[in-house]
Colleague: 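Before I ask anything, here is the structure I am working with.
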2 protein chains.
Amino acid sequence: MISVLIVEDEEIAAEANRRYVLRVPGFQVAGSARTGADALRILRHEHPDLILLDLNLPDMHGLDLARSLRAAGNLCDIMAITSARDLTMVRSAVSLGVTQYLLKPFTFDALRQKLQQYKQFRESTAGAATGQGEVDRALNALRAATRSPLPKGLTQATLEAIAGELGRHPEGVSAQAVGTLIGVSRVTARRYLEHLAETGLARRVPRYGEVGRPELVYQPEHL
Amino acid sequence: MISVLIVEDEEIAAEANRRYVLRVPGFQVAGSARTGADALRILRHEHPDLILLDLNLPDMHGLDLARSLRAAGNLCDIMAITSARDLTMVRSAVSLGVTQYLLKPFTFDALRQKLQQYKQFRESTAGAATGQGEVDRALNALRAATRSPLPKGLTQATLEAIAGELGRHPEGVSAQAVGTLIGVSRVTARRYLEHLAETGLARRVPRYGEVGRPELVYQPEHL
DNA sequence: TTCGCTCGTGAACGAAATGTACGCAATGAT
DNA sequence: ATCATTGCGTACATTTCGTTCACGAGCGAA
């Protein structure tokens, strides 16, 4: 479980954030602070994995809180929440190690996506890297998957069919098998399965056969 | 022009980095430091946009230098350079606002790509955002997908499986044993183990038996 | 209707990743 | 030296992947 500290001055927003976080599987709420001083006090004895930090606090700016933490050697991850549209603020935040940046007002889906990206980032930084590629992939986990429109060449109906079939095979299925089951070609099935893998909803795992090139099976990723 | 401070203890590497940076359009070199203390002294009167920071410094760790900077309110951007394959180090670096992470040894193309990504990030954080989409786009510039050029005939997934199994046997394993444990043939295991040996992540050591040709065991190489 | 355009699909074709098989290399024993 | 033994290294057969390109459906304009 990833424990989250919520720092938000408005009572109603704080409660909403708390409920939101609890709705995402794998996350729990470690505590809640109303001011920067409050947060610092809590962090003296609590050690959450992530801080959901509203930058607009009554006693100090959120980034000042972040700097205090870094100066004290606290490397806790931070997700910034603000209504400020200033992009130079984003740069300052990145410098202080803010991993995610969310603009108010946001929907539950937006927060969930950011939390899931963060979770994937944590999981991908578990072991050791064999090369630059793995480092890049770990950092890319934090990348925002612009989920807005479907990529060219893909249909919502086909996507739902493929995703539905994928969900029926927790142990994994090959593109060939999905295609046959749905009634489309392997090529088409592969296109949609690749899309699902891109957006983190499927995992690609090679399955080694008796002989020949291994088969690539897709496993549904329940986040 | 984006000015870059180079922090690297080895004279030859520092000079190479300097030449590399100068070859990328839009970048200039603000100075060069051999130690962490040296860098801190330079940064008292110089204000570069970016620090090319070797994490392995003689007097302190590169990330300690980063923390000192953040504690002092210096939000200068940092690109980390290291030969350590430890992915938890990547997480610490991200927490301290390291925007790019480059593994040694790297080619000019690799550094150029990272510098250009950084430049694009700066340019995309110039004005104000109209929505979450623009914030995501700006952050994505830093983490743009990079193809990891694995040699032909090798797969990322299999490589990770083999490398993972290798790490579980500090005393060394034969290709035959790794293959059996992973579920691939000895030949395939050998291909990947040889690749790991080529890239310096494994060592090849013969193990002499009672009789017959000695067995070749691979030991994980921790840098 | 007919033309022209776009978009989703699938057949076909190299290319890629793996296993099998076999010759040969490296060691100990005689 | 020569032989027995064991495992390495490589050619090639095998299977699947990934990409390219043509086809047909749908839609808007003339």
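Below, read A as the first sequence line, B as the second, and so on, with proteins coming before strands; counting in each chain starts at 1.
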Colleague: Once you round it to whole Å, what is the distance between C1' of C/dG14 and NZ of B/Lys152?
Modeller: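 It is 12 Å, rounded to the nearest whole Å.
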Colleague: Just how far, in rounded Å, is P of C/dA12 from CZ of A/Arg186?
Modeller: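 Going from A/Arg186 (CZ) to C/dA12 (P), I get 13 Å.
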Colleague: For A/Tyr208 and C/dT20, what is the distance between atoms OH and P respectively, to the nearest whole Å?
Modeller: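 The answer, rounded to whole Å, is 15 Å.
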Colleague: Rounded to whole angstrom units, what separation is found between the CZ atom of B/Arg204 and the P atom of D/dG9?
Modeller: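 From B/Arg204 CZ to D/dG9 P: 6 Å.
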Colleague: Output the rounded distance in Å from CG (B/Leu216) to P (D/dG7).
Modeller: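 Result: 12 Å.
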Colleague: Toward the 5' end of DNA chain D, which comes first, B/Glu194 or B/Gly212, by nearest nucleotide?
Modeller: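 So the residue in question is B/Gly212.
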Colleague: Return no unless some side-chain N or O of B/Tyr192 is found under 4.0 Å from OP1 or OP2 of C/dT18.
Modeller: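 True: B/Tyr192 side-chain N/O within range (under 4.0 Å) of C/dT18 OP1/OP2.
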Colleague: Would you say that more than 12 heavy atoms from the other residues, nucleotides or ligands in this model lie under 6.0 Å from the CD of A/Glu123, or not?
Modeller: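 Counting neighbours around CD of A/Glu123, more than 12 heavy atoms of other residues, nucleotides or ligands fall under 6.0 Å, so yes.
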Colleague: What about A/Arg213: does its side chain form a donor-acceptor pair under 3.5 Å with the base of C/dG19?
Modeller: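 Answer is no: no donor-acceptor pair is held.
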Colleague: In whole angstroms, how far is the C1' atom of C/dT9 from the CD atom of A/Gln176?
Modeller: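 It works out to 15 Å between those atoms.
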Colleague: Round to a whole Å and report the spacing from CZ of B/Arg190 to C1' of D/dG9.
Modeller: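 Whole-Å distance recorded here is 5 Å.
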Colleague: From the options B/Arg204, B/Arg207, B/Arg186, select the one residue that forms a salt bridge (charged side-chain N to carboxylate O under 4.0 Å, His left out) with B/Glu215.
Modeller: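 Answer to the salt bridge (charged side-chain N to carboxylate O under 4.0 Å, His left out) test with B/Glu215 among B/Arg204, B/Arg207, B/Arg186: B/Arg207.
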Colleague: Should we say atom CD of A/Glu171 is surrounded by more than 12 heavy atoms from elsewhere, each under 6.0 Å from it?
Modeller: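 Yes, because the 6.0 Å sphere around CD of A/Glu171 holds more than 12 heavy atoms from other groups.
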Colleague: Base, sugar-phosphate alone, or nothing: which one does A/Thr158 contact when heavy atoms must sit under 4.0 Å apart?
Modeller: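 Sugar-phosphate: the residue A/Thr158, judged by heavy atoms under 4.0 Å, touches backbone atoms but no base.
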Colleague: Nearest to the side chain of B/Glu215, heavy atoms from C-beta on, is which of C/dT18, C/dA21, D/dG7?
Modeller: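 Closest nucleotide among those given: D/dG7.
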Colleague: Flag the pair B/Glu11 and B/Arg34 as a salt bridge only when some basic side-chain nitrogen lies within less than 4.0 angstrom of an acidic carboxylate oxygen.
Modeller: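 B/Arg34 and B/Glu11: salt-bridged.
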Colleague: Can a side chain N or O of B/Ser185 be found less than 4.0 Å away from OP1 or OP2 on C/dG19?
Modeller: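 The answer is yes; a side-chain N or O of B/Ser185 sits under 4.0 Å from OP1 or OP2.
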Colleague: Would you mind checking if A/Arg191 and A/Glu194 are paired as a salt bridge, meaning a charged N to carboxylate O distance below 4.0 Å?
Modeller: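 Salt bridge flag = no for A/Arg191 with A/Glu194.
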Colleague: Any base atoms under 4.0 Å from A/Val187, or only sugar-phosphate, or nothing? Heavy atoms, all strands.
Modeller: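 Base contact.
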Colleague: Taking atom C1' of D/dT16 as reference, at what distance in whole Å does atom CG of A/Leu193 sit?
Modeller: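 So the two atoms are 15 Å apart, to the nearest Å.
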